[in-house]
Number of protein chains: 2
Amino acid sequence: MPSPRVKRKTAYHHGDLRRALINAALRLVNESGASAVTLREVARMVGVSHQAPYRHFADRAALLAAVAEEGLRALHTELSQAARNEPDVLSALRACGVTYVLFAVAHPAHFRVMNSAEASASDDPDLQAASDAVFTLLTQTIAEARVGAEGEAATLEYALAAWSVVHGLASLLVEGQLQRRPYAKKSPRELANMALDTLRRGLLTRA
Amino acid sequence: MPSPRVKRKTAYHHGDLRRALINAALRLVNESGASAVTLREVARMVGVSHQAPYRHFADRAALLAAVAEEGLRALHTELSQAARNEPDVLSALRACGVTYVLFAVAHPAHFRVMNSAEASASDDPDLQAASDAVFTLLTQTIAEARVGAEGEAATLEYALAAWSVVHGLASLLVEGQLQRRPYAKKSPRELANMALDTLRRGLLTRA
DNA sequence: GCGCAATGTTGCCCTCGTCTACTTGGGAGG
DNA sequence: CCTCCCAAGTAGACGAGGGCAACATTGCGC
């Protein structure tokens, strides 16, 4: 006997169609990219009519926003775990950066959806909350890594540079821009460490 | 009387349909984003049938690849001009970085097309050449800015970090990820200078 | 001049997003 | 326990886009 929160699946009245649709969309994104996420296909996968999704999502963009939100939550989880497993704040910061890049490489299509303008342009408050959580985690980690140094302004400056590096590297990897370049031989993890080393040390500092 | 290279526009045989189609696509991208670039709409704008474009582009992706190529060429031009106008190699490097970001902000949809995987996945040799030109320009500028320092490996390390920062910042701006953040008050130029300062100085160097 | 290949055209099919109108069934109020 | 109502699902239609196939036109090479 199912718990009261889990409604029975009857022919009509799926029970938790919204969840099922998001899961189907997730699978499609990972397997075939964002353009494969089609309201009709998602409905087909779940076994409902082509109009059923509209009871739960205003349009295709709303479904993709839900997918993006899910991705941001997963990223947040991975980032905080990565930080937690490190002994000191500095290595925690580095771990966050590496994890960000590896997450993108592991889920390229998902990463793309998360950062698409359609997603952030949407005013879905849940999505914004998920995005804010990741940003806050980043700035806090930066702030902790620089205990007692400069003020908040400097923290924001550092956060911008750090976010830009990892996001840029992630994007370049995901979009295959490093494929036919000298970097192709190195693993994403190595590349992330390389870029973070340079960022930490400074570009024009002679060794 | 038109020059021999410019063929007459007859009812049939447009003259330079390929060029016209690319221009139309360019306008659509800038005005309404990549999703607005539709083979049919482009054909309509140029005044040919909905199938005419297929004589010049294998499919929609090929048209977008041509658009991307055009963008990369424009970027290359702007970057080399920016570098040329600077007195010394160091400020040239900085100017390149800032120009990269400003280009992206000035042509967001175009920038997105240039970096989309569909584009770089395409094995169009012209597109690859355009992309390589930009990459080469970047690494050369880096190499010159560090005259007589370390070897090629170090140059590549620095190039990766530099490219990642400017590309990441450009992406974040273009996708609106900085919109609801403390950075929203600053101009793209200021942000680019901020990030490049941090990169140059190093993340954990106390002032 | 003539014929052929490049370039355009018309028509068709399929899929997709989304609108409107209809159906079902489970739970709240009597 | 019955009933009625509204949320959830269904059915069909429309217009638009991508892409195939078959046909039309031209102008260049011979």
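Chain identifiers are assigned alphabetically (A, B, ...) following the order of the sequence lines, protein sequences preceding nucleic acid strands; residue numbering begins at 1 within each chain.
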Between A:Tyr183 (side chain) and B:Leu156 (backbone), is there a donor-acceptor pair under 3.5 Å? yes

Could you work out, with salt bridge (charged side-chain N to carboxylate O under 4.0 Å, His left out) as the rule, every residue matching A:Arg18, not counting sequence neighbours? none

Partner residues of B:Glu41 under the salt bridge (charged side-chain N to carboxylate O under 4.0 Å, His left out) criterion, sequence neighbours left out: B:Arg44

Please state whether the phosphate of D:dG19, meaning OP1 or OP2, lies under 4.0 angstrom from any side-chain nitrogen or oxygen of B:Tyr54. yes

Whole Å only: how far is the CE atom of B:Met45 from the C1' atom of D:dG17? 16 Å

5'-most by nearest nucleotide on DNA chain C - A:Arg55 or B:Val48: B:Val48

Does any pair with a residue in residues 23-32 of chain B pass salt bridge (charged side-chain N to carboxylate O under 4.0 Å, His left out), and if so which ones, sequence neighbours excluded? B:Arg27-B:Glu31

Side-chain N or O of B:His56 less than 4.0 angstrom from OP1 or OP2 on C:dA6? no

Between C1' on D:dT10 and CG on A:Leu17, what's the gap in Å once rounded to a whole number? 13 Å

List the atom pairs, donor and acceptor, that lie under 3.5 Å between side-chain atoms in residues 54-66 of chain B and the rest of the protein, sequence neighbours left out.
residue, atom, partner, partner atom, Å
B:Asp59, OD1, B:Ala61, N, 3.3
B:Asp59, OD1, B:Ala62, N, 3.1
B:Arg60, NH1, B:Val37, O, 2.4

Spell out, as yes or no, whether a donor-acceptor pair under 3.5 Å connects the side chain of B:His167 to the backbone of B:Tyr100. no

Got a sec? Which of residues 23-39 of chain B come in under 4.0 Å of DNA chain D, heavy atoms? B:Thr38, B:Leu39

With sequence neighbours left out, write down each residue that passes salt bridge (charged side-chain N to carboxylate O under 4.0 Å, His left out) with B:Arg189, or none if nothing qualifies. none

d(CZ, A:Phe57; P, D:dG9) in whole Å: 11 Å

Residues that B:Arg40 engages under salt bridge (charged side-chain N to carboxylate O under 4.0 Å, His left out), provided they are two or more places apart: none

Only distances under 3.5 Å count here; give the side-chain donor-acceptor pairs of residues 134-142 of chain B to other protein atoms, sequence neighbours excluded, each with its distance to 0.1 Å.
residue, atom, partner, partner atom, Å
B:Thr136, OG1, B:Asp132, O, 2.8
B:Thr139, OG1, B:Phe135, O, 3.2
B:Thr139, OG1, B:Thr136, O, 3.0
B:Thr141, OG1, B:Leu137, O, 2.7

Rounded to whole Å, CZ of A:Arg44 lies from C1' of C:dG17 at a distance of 12 Å

Rounded to the nearest angstrom, tell me the gap between atom CG in B:Leu63 and atom C1' in D:dG17. 14 Å

Taking only N/O atoms, report every protein-nucleotides 10-13 of chain C pair under 3.5 Å with atom names and distance.
none

Please report, rounded to the nearest Å, how far the P atom of D:dA16 is from the CD atom of B:Glu41. 11 Å

